[in-house]
Structures are given as C-alpha cells and as structure tokens.
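First the structure, in the form of structure tokens, and then the observations on it.
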Amino acid sequence: MRDYKAISHFKGLNTLRFIAAFLVVIHHAESLRKDHELKNHLKGYGLFENGQHAVSFFFVLSGFLITYLLLKEREVKNDISVKQFYIKRVFRIWPLYFLMVIIGAIIQPYFIDWFNIPYKMPYTFGETWYYFIFFVPGMVNYFFGSNLLEPLWSIGVEEVFYLIWAPLFKWLKKHVLKLLLGVIAFKLILISINTYWALPGVLNYLIRIHQFEAMAIGGLGAYLVFNYGKQINTSFIYSIPAQVVLYALILVFIVFGANIHSGIWYFFFENPIVSSIVPNALFLYLIIGVSVVDKNLFTLENRVFSYLGEISYGIYMFHLLILSQIVELLKGMVAGSGMFLESLFYYGVSIPLIIGVCALSKRTLEAFFERKKQKVLQKMN
C-alpha cells in the first residue's frame with residue numbers, strides 16, 4: 001500500500017515548474033517587444049499574459065512542497081529543525097539572488113557608462129541596497145518602476161514566507177490545519193479591506209504582492225495529501241469526468257483567460273477577492289493530480305522537461321537580463337521583417353541562450369553551494 005506520509009518524489013512537478021517559468025519568460029519577452037516599440041509583438045494575447053499567474057502557481061507549489069516536507073520531518077523525527085530549514089533555503093536561494101543583485105545593481109551601471117549605452121538606470125545601488133539586502137526587492141519596483149531585477153520581488157515574498165513558516169509549524173504542531181485556514185482567512189480579510197477601502201499606496205502594494213494565501217492553499221493541499229492521500233486518489237473530484245472539466249478550465253484560463261470578457265469570468269478570475277482563491281485552487285488541483293493521483297489523465301514525468309524544471313529557478317532569475325539584450329539585437333537586425341521572422345529570431349536566440357546560461361549556473365555556482373549545504377548539514381547531524 002502506498003504511504004502518503006513518506007513520498008520522496010512528486011512526479012511531474014519539475015515539468016510544471018518549467019512550464020510556469022516559460023510562461024514568465026514569454027510574458028516578459030512580449031512586454032519588452034512592446035516597450036521597445038516593435039510592432040509585431042504578441043502582447044495582449046492570452047497565452048502571453050500569464051506572468052502573474054505563473055508566479056502565483058510558484059507560490060502554491062512552494063507552499064505545497066515546503067509544508068509537505070515539514071509534515072514529513074515532524075512525522076519522522078517528532079520535531080522540526082528550524083535551523084536546518086533555514087540553512088537549506090539559504091544555500092538554495094541566496095547565491096543566485098545576490099548574484100543577480102550584484103549584476104543588476106552594481107555591474108550593470110558601470111557597463112552602461114563604459115559602453116555609452118543609451119539607457120538610464122532607474123535607480124542607484126545606494127538608493128536600493130537595503131531593499132535587496134533585507135529581502136524586500138518589491139519596493140524597488142514600487143518606487144523606481146520596471147527594471148532588470150523586477151522578478152526578484154517574488155523571491156523576497158518567498159523569503160518572508162520561509163522566515164515565518166517553519167517556526168509556526170514547530171510551535172503550532174497540533175494546529176496545522178487551523179494555521180493554514182487562518183492564514184487564508186486573514187489574507188482574504190486584508191484583500192477585502194484593500195479592495196473596498198483603498199488603503200494607502202505602499203500598504204496596498206504590499207498586501208497584493210505578499211500572496212501568502214496562495215502558499216497556504218498549497219500548504220492545505222500538502223496537509224490533505226499527507227493525511228488523506230488515499231481518499232483523494234479515489235475521490236470523485238479526480239474522476240475522469242471531473243478531470244476533463246477542470247483541466248479544460250485550467251487550459252482555457254492559461255491560453256485565453258486575458259481575452260475573455262464576461263461577468264461570470266470576471267467574478268471568478270479577476271475579482272480581487274474571489275480570484276485570490278479560485279485560480280490558486282485550480283493550480284493546486286493540477287499539482288496534486290499530476291504528482292499524486294494514480295489515474296490522472298496525463299503524466300508529465302519527462303526526462304528533458306524534468307531537467308528544464310530543475311534549472312527553472314535560474315530561468316526565472318536570468319531571463320529578463322538576457323531578453324533585454326536580445327531585444328536590442330532584434331531592433332537592429334530583423335525589426336520590420338514580419339511577425340514570423342521576428343519571433344523566430346527573438347525566441348530562437350533567446351531561449352537557447354537562457355537555457356545555456358542556466359545550465360552553466362546549475363553545474364557551477366548552484367552545484368558548488370549544494371555541496372557546501374550538504375557538508376554543513378552533515379556536520380549538524
């Protein structure tokens with residue numbers, strides 16, 4: 001009999017990671033084309049408008065995996081090591097995060113001045129270093145606008161989540177379900193207040209970007225799988241007819257959602273309060289279906305996509321920096337040659353380059369810190 005409290009590998013999740021990262025890439029790619037006044041951009045078409053949805057998916061996935069690992073650790077050891085939890089997160093997240101800060105906030109300005117590139121940095125390192133150091137890079141976006149380190153805002157949100165999640169689990173070990181539901185309820189209250197009373201700008205922004213409800217929804221899924229995995233596997237919600245309907249809905253949401261304009265659609269997918277639950281619940285349904293359900297309609301366990309999922313953190317971190325350089329080449333070499341040729345050049349150059357840089361990062365920088373992490377953890381044990 002399958003033990004749902006001892007799952008060591010959730011199949012297919014690396015592929016989902018890559019798909020989400022790819023949606024972020026094409027969202028920013030088309031935004032850059034539009035910003036650079038390239039007429040053949042695809043900005044506005046549903047598939048290319050999923051940057052925020054993909055990040056929300058990452059939040060749900062993060063909450064699911066982190067919560068499951070904490071539940072599993074407590075089951076095995078009857079305790080949770082907050083110190084080890086922090087060490088694992090630091091060695092995984094900090095190297096690429098601070099590398100990007102160094103590139104985007106220190107090296108890039110000198111590079112721009114040295115080569116007389118006609119681009120004005122929206123900020124200086126002196127104006128922003130404390131936002132990056134204390135993991136609130138979203139404030140750089142808020143005060144200074146779009147920039148090449150814009151994707152870092154979600155890393156800051158995850159760091160805050162990680163900071164509080166393990167201690168809460170350790171202290172409230174008998175009330176995990178109440179904790180998860182409480183976080184969702186509290187965030188819904190904040191969103192409601194923010195929606196109907198229009199809180200001041202910075203507070204409004206912080207409430208919107210700190211999507212702890214998405215992480216708690218993911219955590220709720222982990223709690224259900226951990227404790228009721230067998231029942232979920234055979235439940236009506238994962239019957240073939242239910243899968244057909246719900247997976248079709250997810251597909252429509254991703255491919256056409258931005259171009260659907262109806263009252264019902266708006267209520268479920270754009271209303272600030274309801275849309276903080278419904279899309280995230282659908283993402284959780286997909287995560288559990290792909291990784292846990294035996295009779296899922298499809299499997300995403302694929303060697304190539306699994307590897308691309310393993311480097312998805314790098315894809316998320318590096319892509320905007322690379323795309324911003326390729327779009328300049330696009331303007332100078334094939335602009336005006338038609339949508340097909342422009343897109344072929346743009347993506348034909350940028351996607352392999354992004355993957356290549358991320359693969360190199362995985363084999364060098366990230367592998368180095370992975371070895372350091374293992375040594376530190378071995379000493380602790």
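For the numbers below, each heavy atom of this structure counts, side chains included, while hydrogens, waters and symmetry mates do not.
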[atom1]/[X] to [atom2]/[Y] distance, rounded to the nearest 0.5 angstrom?
| X | Y | atom1 | atom2 | value |
| --- | --- | --- | --- | --- |
| Ile217 | Leu181 | CD1 | CG | 10.5 Å |
| Thr195 | Trp197 | OG1 | CH2 | 10.0 Å |
| Leu321 | Ile326 | CG | CD1 | 10.0 Å |

Checking side chain to side chain contact (heavy atoms under 4.5 Å, CB included) for the pair Val101/Ile106: CA distance, chi angles, key distance, verdict? CA-CA 7 Å; Val101 171; Ile106 299 175; 5.8 Å; no
Checking [X] side chain against [Y] main chain: does a donor-acceptor pair fall under 3.5 Å?
| X | Y | result |
| --- | --- | --- |
| Lys187 | Ile207 | yes |
| Asn14 | Phe305 | no |
| Asn233 | Gly229 | no |
| Tyr316 | Val55 | no |
| Tyr86 | Leu163 | yes |
| Glu366 | Ile311 | no |
| Glu49 | Gly44 | yes |
| Ser56 | Gln52 | yes |
| Ser312 | Leu308 | no |
| Ser235 | Ile232 | yes |

Please determine, by modelled atom types, if [X] and [Y] share a side-chain donor-acceptor pair under 3.5 angstrom.
| X | Y | value |
| --- | --- | --- |
| Glu342 | His41 | no |
| Glu73 | Ser81 | no |
| Gln374 | Glu370 | yes |

For the student: nearest non-hydrogen atoms of [X] and [Y], plus distance:
| X | Y | answer |
| --- | --- | --- |
| Arg17 | Gly309 | CD-O, 3.8 Å |
| Ser146 | Pro122 | O-CG, 3.9 Å |
| Pro151 | Leu320 | CD-CD2, 3.7 Å |
| Ala214 | Phe59 | CB-CB, 3.8 Å |
| Glu158 | Ser62 | OE1-OG, 3.4 Å |
| Leu286 | Ile250 | CB-CD1, 4.0 Å |

Please assess Glu301 against Thr15 for the test side chain to side chain contact (heavy atoms under 4.5 Å, CB included), listing each intermediate value before the final yes or no. CA-CA 7 Å; Glu301 193 71 358; Thr15 298; 5.9 Å; no
Membership question, hydrophobic clusters at under 4.5 Å side-chain separation (ILVMFWY): are Leu249 and Ile264 in the same one? yes
Any link between Met100 and Ile133 through a network of hydrophobic side chains (Ile, Leu, Val, Met, Phe, Trp, Tyr) touching at under 4.5 Å? yes
With a 4.5 Å cut-off on side-chain heavy atoms, are [Y] and [X] touching?
| X | Y | answer |
| --- | --- | --- |
| Ile155 | Tyr313 | yes |
| Leu300 | Lys11 | no |
| Leu23 | His53 | no |
| Asn227 | Tyr4 | no |
| Trp265 | Glu270 | yes |
| Ile80 | Lys173 | no |
| Val183 | Phe186 | no |
| Phe226 | Ile7 | no |

As a quick check of understanding, evaluate side chain to side chain contact (heavy atoms under 4.5 Å, CB included) for Val252 and Ile260, giving each step before the final call. CA-CA 9 Å; Val252 170; Ile260 298 176; 3.7 Å; yes
Ring centre gap for Phe135 and Tyr97 strictly below 6.0 Å: yes
Full working for side chain to side chain contact (heavy atoms under 4.5 Å, CB included) between Val292 and Tyr238: CA-CA 11 Å; Val292 176; Tyr238 279 104; over 6 Å; no
Centre of Phe368's six-membered ring, under 6.0 Å away, within 45 degrees of the axis: is that where NZ or CZ of Arg371 sits? no
So His210 and Phe212, would you call those rings parallel, tilted or perpendicular, with 30° and 60° as cut-offs? perpendicular
One pair to check against ring-ring contact (aromatic ring centres under 6.0 Å, His included): Phe10 and Tyr68. What are the steps and the verdict? CA-CA 11 Å; Phe10 287 99; Tyr68 184 87; 4.9 Å; yes
Check ion pair Arg33-Glu30 (N to O, under 4.0 angstrom): yes
Pairwise side-chain hydrogen bond (donor to acceptor under 3.5 Å, both in side chains) hits with a residue in residues 127-145, at least two apart: Thr124-Glu127, Asn141-Asn147
CD/Glu37: more than 12 non-hydrogen atoms of other groups inside 6.0 Å: no
Of Phe57, Phe64, Tyr247, which meets ring-ring contact (aromatic ring centres under 6.0 Å, His included) against Tyr285? Tyr247
